[in-house]
Amino acid sequence: METKAPLRAGQLTSGPWGPHTATLDWCEQNYEHFLYIAETWNSFSNIPFVLLALYGMHTTLREGLPNQVRYALQHAMIAFVGIGSFLFHATLLWHAQLLDELPMIYASFQAIYCILLEGRPSSSGSLLTKIACAGIPALFTAIYLVYPNPVFHQIVYGALQLFITYRMQLLLGKIPPESKLKKDCTHLLKTGSALTVLAFAIWNVDNIMCDSITAWRDSVGWIGVLSQGHGWWHLLVACGSNRFVVALIGLACGLKDHEAYEVSYSLYVFPYLRKVNSGEVSKSK
């Protein structure tokens, strides 16, 4: 199925990368700041995805957590989303759009894989779970290449997030209620959800009121950069996703020993899971 690029009044529809072939064009003037970057703020606002994911990979491997490769891969897939999104917004090409949208689905299934394997033998896991978490994304990819409707992608992605949230609540219920780790992970899930809901609200306002927002942005000068709604979506979802992943890792490790791990923060803001040494565990009892 051939894609048809949307056309917004006054927008450039081609650039040095060729005609825009993406099925989406966001509420930012194209090629306003750089010759080779179509949407400046929508591109550079993906950097937090990559930085937070790299930091998450580093702390996961540094702490030597159980199944650390699995969880480091989860962080890595978030980084791939950020890289793909940067390329998409910089070029507005269909193939670059795929590098944004498909990793969102793949990262979701990696999270589902991590969640569903908890409580199973780590050496073998579930063959059915592995087949499903590899096969369903492959099937989605095939369908999306034939039927490249962004609404279809958004519905599937939203459904996956609801499923992940539901399964994480089930994991949360298996941790003893007096556990500090449970309280820490609950806080991460609440704040991560709040950031994501706020991002979704801004995303919708940016789409619905684009003409009015653009007119205001043009009238106020440099401060108008604060009205780049899709950029705020990237920033807030990056922070929310980071908190969800750390909470997922915390719950998974907590099922094994809820007293052996705790959530710590770098710069009071960026969470990571760390092992509690034997002395600290003794004092807490």
Side-chain angles (χ1 to χ4, degrees), residues 48-50 52-57 59-61 65-85 100-120 122 125-126 128-141 153-175 181-182 184-197 199-200 234 236-256 261 263 270-273:
F49 273 112
V50 180
L52 287 173
L54 291 175
Y55 178 71
M57 292 173 62
T59 55
T60 299
L61 297 174
L65 302 176
N67 301 313
Q68 60 181 2
V69 175
R70 184 187 303 168
Y71 302 131
L73 180 59
Q74 179 67 66
H75 281 295
M77 296 189 81
I78 300 294
F80 289 141
V81 173
I83 294 170
S85 183
D100 175 11
E101 293 176 333
L102 292 181
M104 292 169 66
I105 302 297
Y106 303 157
S108 298
F109 272 96
Q110 175 64 17
I112 291 172
Y113 175 75
C114 291
I115 292 170
L116 294 182
L117 283 190
E118 291 312 318
R120 304 177 187 273
S122 58
S126 167
L128 180 60
T129 298
K130 293 177 180 178
I131 292 174
C133 288
I136 296 176
L139 177 61
F140 173 85
T141 300
H153 172 271
Q154 291 159 11
I155 291 173
V156 171
Y157 179 72
L160 291 174
Q161 300 317 298
L162 291 175
F163 179 74
I164 290 170
T165 301
Y166 166 70
R167 294 296 306 200
M168 289 183 72
Q169 289 298 320
L170 293 183
L171 290 183
L172 193 64
K174 296 179 180 180
I175 307 293
L181 180 62
K182 180 171 185 173
D184 290 342
C185 290
T186 299
H187 174 73
L188 290 178
L189 290 174
K190 287 182 177 179
T191 53
S193 296
L195 289 169
T196 303
V197 169
F200 183 65
H234 288 154
L236 294 171
V237 170
C239 294
S241 297
N242 178 255
R243 287 172 174 258
F244 277 124
V245 173
V246 175
L248 187 160
I249 298 171
L251 292 174
C253 292
L255 289 177
K256 300 173 177 64
Y261 305 93
V263 175
F270 306 112
Y272 67 94
L273 192 72

Check your understanding: Under a 4.5 Å cut-off applied to non-hydrogen side-chain atoms, are Leu171 and Ile115 in contact?
Key -> yes
Exercise for review: Compare all side-chain heavy atoms of Val245 with those of His75 and state whether any distance is below 4.5 angstrom.
Suggested key: yes
Practice item. For Lys190, look at atom NZ and say whether over 12 heavy atoms of other residues, nucleotides or ligands are found less than 6.0 Å away. Key: no
Review point. Taking atom SG of Cys239 and atom CG of Leu195, what is their separation to the nearest 0.5 Å?
Key: 6.5 Å
Point to revise | Close side-chain approach of Ile175 to Cys185, heavy-atom, < 4.5 Å | key: no
Exercise for review: May I ask you to decide if Met57's main-chain N or O and Gln68's side chain share a donor-acceptor pair within less than 3.5 Å?
Suggested key: no
Exercise for review: With the side chain counted from C-beta on, respond yes when Tyr113 and Gln74 share a heavy-atom pair under 4.5 Å apart, and no when they do not.
Suggested key: no
Exercise for review: First locate atom CD of Gln161, then atom CE of Met168, and finally report the distance between them rounded to the nearest 0.5 Å.
Suggested key: 10.5 Å
Point to revise | Least distance between heavy atoms, Val246 atom then Pro271 atom | key: CG2-O, 3.5 Å
Study note, to complete from the structure: Here the gap from Leu181 atom CG to Leu273 atom CG, rounded to the nearest 0.5 Å, amounts to 6.5 Å
Check your understanding: What are the two closest non-hydrogen atoms of Cys133 and Ile112, and how far apart are they?
Key -> SG-CG2, 4.1 Å
Practice item. Decide yes or no for Leu189 and Phe244: does some side-chain heavy atom of the first lie under 4.5 Å from some side-chain heavy atom of the second? Key: yes
Check your understanding: Which atoms form the tightest heavy-atom contact between Phe49 and Gly82, and what is the distance?
Key -> CB-CA, 3.7 Å
Practice item. Please report the shortest heavy-atom distance between Leu61 and Ala72, naming the atom on each side. Key: CD2-CB, 4.1 Å
Revision key, fill the gap. Closest heavy-atom pair, Gly240 versus Thr196, reported as atoms and distance to 0.1 Å, is CA-OG1, 4.3 Å
Point to revise | Heavy-atom pair of closest approach, residues Ser108 and Leu160 | key: CB-CD1, 3.8 Å
Practice item. Enter the distance from Leu251:CG to Arg167:CZ here, rounded to the nearest 0.5 Å. Key: 12.5 Å
Practice item. Find out whether Phe140 and Leu102 are in side-chain contact, i.e. whether some heavy atom of one side chain is under 4.5 Å from a heavy atom of the other. Key: yes
**Study point:** Student check: side-chain heavy atoms of Met77 and Pro103 closer than 4.5 Å
**Key:** no
Revision key, fill the gap. So CZ of Arg243 and CZ of Phe270: to nearest 0.5 Å the spacing works out to 9.0 Å
Practice item. Any chance you could measure Phe80, atom CZ, to Leu73, atom CG, to the nearest 0.5 Å? Key: 8.0 Å
Practice item. Mind telling me whether His153 and Tyr157 have parallel, tilted or perpendicular rings, with 30° and 60° as the class edges? Key: parallel
Exercise for review: Give a yes or no on whether Phe200 atom CZ has more than 12 heavy-atom contacts from other residues, nucleotides or ligands under 6.0 Å away.
Suggested key: no
Check your understanding: Do Ile249 and Tyr261 come within less than 4.5 Å of each other through their side chains, counting heavy atoms only?
Key -> no
